[in-house]
Every structure is written in C-alpha cells, then in structure tokens.
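Order of listing sets the numbers, starting from 1, for every ligand and every atom in it.
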Amino acid sequence: MASYNILLLPGDGIGPEVTAEVEKVAKVVSDAGLAKFEFEKGLVGGSAYDAHGKAISEADMARAQAADAVLLAAVGGPKWANVPYDVRPEAGLLRLRKDLGLFANLRPALCYPALAEASSLKQELVEGLDIMIVRELTGGVYFGEPKEITNLPNGQKRAVDTQVYETYEVERIAAVAFELARKRNNKVTSSEKHNVMKSGVLWKEVVTDVHAKSFPDVQLEHMLADALGMQLVRRPKQFDVIVTDNLFGDLLSDVASMLTGSLGMLPSASLGAADANGKRKAMYEPVHGSAPDIAGKGIANPIAMIGSFGMALRYSFGLIEAADLIDKAIADVLAAGLRTADIKGDAPSSVSTSAMGDAIANALKKAL
Ligand code: IPM
Ligand code: MN
C-alpha cells in the first residue's frame with residue numbers, strides 16, 4: 001500500500017478544530033486499505049509566531065519541502081494585529097506558496113443541491129453551479145518589488161505595491177487552466193484589466209498565444225475583471241474555468257464562495273510544476289480564513305477542510321475514486337439535512353464541527 005507523508009499545519013483560529021476532522025476522514029481512507037498517511041504536525045501563522053517569533057520556522061519549511069503534500073487550515077487573528085509586518089501570520093502562508101513554487105491555485109466553487117437555498121442568490125441561479133477558478137499564486141502584486149512605504153520630505157508617506165508578471169508565469173497558469181477545461185466543459189474565461197494595466201495587456205496577449213498554439217480546441221473568452229465580478233453574481237453558471245491573476249483571483253474566489261452557500265464550503269489546491277516523475281509540490285487549504293470570532297466554540301464548518309483533503313487525494317495521490325466518494329459523502333450528509341451554523345439557513349438546528357466530521361467520515365466508510 002502506498003504511504004504518503006502529509007504535513008498538517010492547523011494554524012490559527014478554527015484551524016485546529018477543522019483539521020481534527022480531516023484526520024477522521026483520512027483514517028477511514030487508510031482503514032479501507034487505499035493508502036497509508038503519515039501525519040506530521042507543524043506551526044504556521046500566529047501560533048508559529050508565538051512559539052518562534054516567526055510566521056513559520058525553518059524546520060517546518062524543511063518539512064513542507066519534504067512532504068508529499070501540505071494541508072494547511074488558516075492563519076491570522078486579532079491577537080497578532082500589531083506584530084511586525086514581515087512576521088505577521090499571513091507571511092507564513094505566502095512563504096509556503098512562494099518557496100514551494102505553488103503557482104497554480106485551483107478553487108472549485110460547487111453548489112451542492114442541498115445548499116442552493118443557503119446561497120444569497122436566487123436558487124435557480126446557483127443550483128448545479130460548478131466553476132473552477134484558477135488563480136495565479138506566486139506572482140503579481142502579492143510578491144512584486146518594490147513593496148514599501150517611504151517617508152516624503154513634505155511629511156507625507158508614499159506606499160507602493162508592484163503588480164508584475166512575466167511571460168512564463170502567464171503561460172504556465174494558462175496551460176493549467178486549458179488542461180483543466182478539457183476535462184470539464186471545455187471553456188476558459190481569462191480575466192484581467194488590460195484597459196488600465198500593462199500586466200493585463202501582457203496577460204491577455206500571452207493567454208491568447210497559448211490558446212492558439214496549444215489549445216485551439218478549448219473555447220476561450222476574455223473578460224475584464226470588474227465585469228467578471230458582476231457576471232459572477234448575475235449569471236454564474238455561464239462560467240466553466242476562470243483563469244486570473246493573484247489579486248483578482250483572491251477577490252473573485254471569495255465572491256464565488258458565497259454562491260455556494262458559505263465560505264466554509266470551499267476547498268483549494270495549490271500546485272507547483274511537475275518534476276521529471278510527474279510529481280508536483282502541493283498544498284491544500286480551505287478558501288476560508290481563521291474565523292477568530294467563532295474559534296474554540298466547536299461550531300466551524302469542516303467541509304472546506306475535508307474537501308481540501310479530497311483534493312489532495314485527487315491531485316497528489318491519484319486516488320480519484322476515493323476523492324469522488326468524499327465529495328459524495330459531503331453531498332449525502334448535506335442532503336440528509338445536517339448543517340453547521342454557517343449554512344443553517346432556516347433549518348431548525350445546527351450541528352457541531354465534530355458531528356459534521358463524524359457524519360462525513362461515516363458516510364465515506366459506508367461508501368468505501
Ligand atoms: C486566501 C487568503 C490569503 C490571500 C491571505 C490570508 C494572505 O485570503 O488564501 O485567499 O490573500 O491569498
Ligand atoms: Mn482570500
């Protein structure tokens with residue numbers, strides 16, 4: 001039986017609570033004899049700052065580099081609002097993405113039938129929704145230099161962030177999007193703001209070239225990022241795969257998440273380039289944050305975290321069937337009426353984080 005080494009980084013806030021539920025689901029998969037998982041635990045974000053004065057230690061970075069996959073829950077919280085900028089909780093997450101070379105962030109937005117009414121949009125607009133947002137994750141304004149605040153002679157300050165993309169960065173993320181589209185509904189919407197940004201002009205040009213050269217069979221459309229935001233809430237089912245830069249991808253995936261009922265539902269996969277053996281560095285994390293307001297109460301929704309483990313099975317371990325069964329277990333549990341507080345809607349009651357995790361683990365056990 002194949003054995004995989006997974007680095008678990010629960011992080012802050014609700015992170016440890018939702019991570020515990022993943023371990024239950026992983027145990028079901030290994031008990032069924034599909035694979036063995038060796039979990040190691042590390043610290044990232046505020047918890048790492050408290051322990052080492054850094055957002056992630058060198059030892060945990062080395063573990064992340066060596067792992068078959070990293071599972072990260074969430075970082076940040078008001079407790080660390082005033083720590084120095086370069087050791088703030090988010091810096092740990094950004095360093096993992098950058099140092100592991102995880103340029104492709106896959107953020108599926110799937111509306112489970114049982115949750116269509118929990119969406120803030122009309123049910124018919126979101127029922128059956130299945131979008132894949134492909135967010136560039138190691139470039140753009142998140143990492144561009146200079147990035148600084150300087151003092152001006154007149155006593156004012158000047159802040160600069162730099163949005164920068166090179167051809168190869170757009171080429172490789174576009175290829176990921178086109179390849180995914182071929183396995184889905186064969187359509188890619190590429191989004192930028194070429195009407196005001198040079199990086200948008202280049203982005204559009206490169207995506208057009210990659211399409212013409214290697215993926216002419218896939219339908220390609222370009223849409224300005226503001227218009228795409230509007231279309232996402234107007235008629236979301238027109239989209240299949242959306243490919244966009246780091247910042248627009250961050251914004252648009254939060255918007256897309258609410259279409260599905262709750263931010264607590266969305267998993268994500270961050271992938272690096274394939275090596276000579278076809279193996280990619282990978283980190284799996286929910287789209288949601290650390291939700292400090294509900295941390296420690298046992299009411300957080302573990303579905304995005306469990307779904308992220310499902311994506312690890314799909315994209316890192318080749319356990320496609322088991323990944324499908326995890327998605328199905330989630331759908332079944334929701335269809336049976338189980339709800340955490342965030343997706344409760346008009347339901348009479350909601351269940352705890354661990355009750356939701358147990359239910360999904362049990363449903364999966366039956367299916368396996
Ligand atoms: C996300 C988060 C991060 C981001 C933060 C925590 C740095 O919002 O993964 O979407 O902006 O990328
Ligand atoms: Mn975000």
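- Heavy-atom proximity to Glu90, at under 4.0 Å, picks out these atoms of ligand 1: 6 (C), 7 (C).
- Atoms of ligand 1 found under 4.0 Å from any heavy atom of Arg135 (numbered from 1 in listed order, with element): 1 (C), 4 (C), 9 (O), 10 (O), 11 (O), 12 (O).
- Cation-pi check for Lys54 over Tyr49 is not met; the charged atom does not lie both under 6.0 angstrom from the ring centroid and within 45 degrees of its normal.
- Nearest N, O or S atom of Asp250 to the Mn ion (ligand 2): atom OD1.
- Taking every non-hydrogen atom of Arg97 and a distance limit under 4.0 Å, the qualifying atoms of ligand 1 come out as 1 (C), 4 (C), 9 (O), 12 (O).
- Under the 30°/60° scheme for interplanar angles, the aromatic rings of Trp203 and Tyr165 are found to stand perpendicular.
- Salt bridge Lys279/Asp68: present, at least one basic N to carboxylate O contact under 4.0 Å.
- The aromatic rings of Phe309 and Phe39 sit tilted, their planes meeting at an angle between 30° and 60°.
- Here the protein heavy atom with the shortest distance to atom 11 (O) of ligand 1 is Tyr142 OH, 2.5 Å.
- Residue Arg107 touches ligand 1 through its side chain alone, judged by heavy-atom distances below 4.0 Å.
- Taking each heavy atom of Pro108 and Met132 in turn, the nearest pair found is N-SD, 3.7 Å.
- Closest to atom 2 (C) of ligand 1, if we only count protein heavy atoms, is Asp250 OD1, 4.1 Å.
- The two residues Val28 and Ala361 come nearest to each other via the heavy atoms CG2-O, 3.7 Å.
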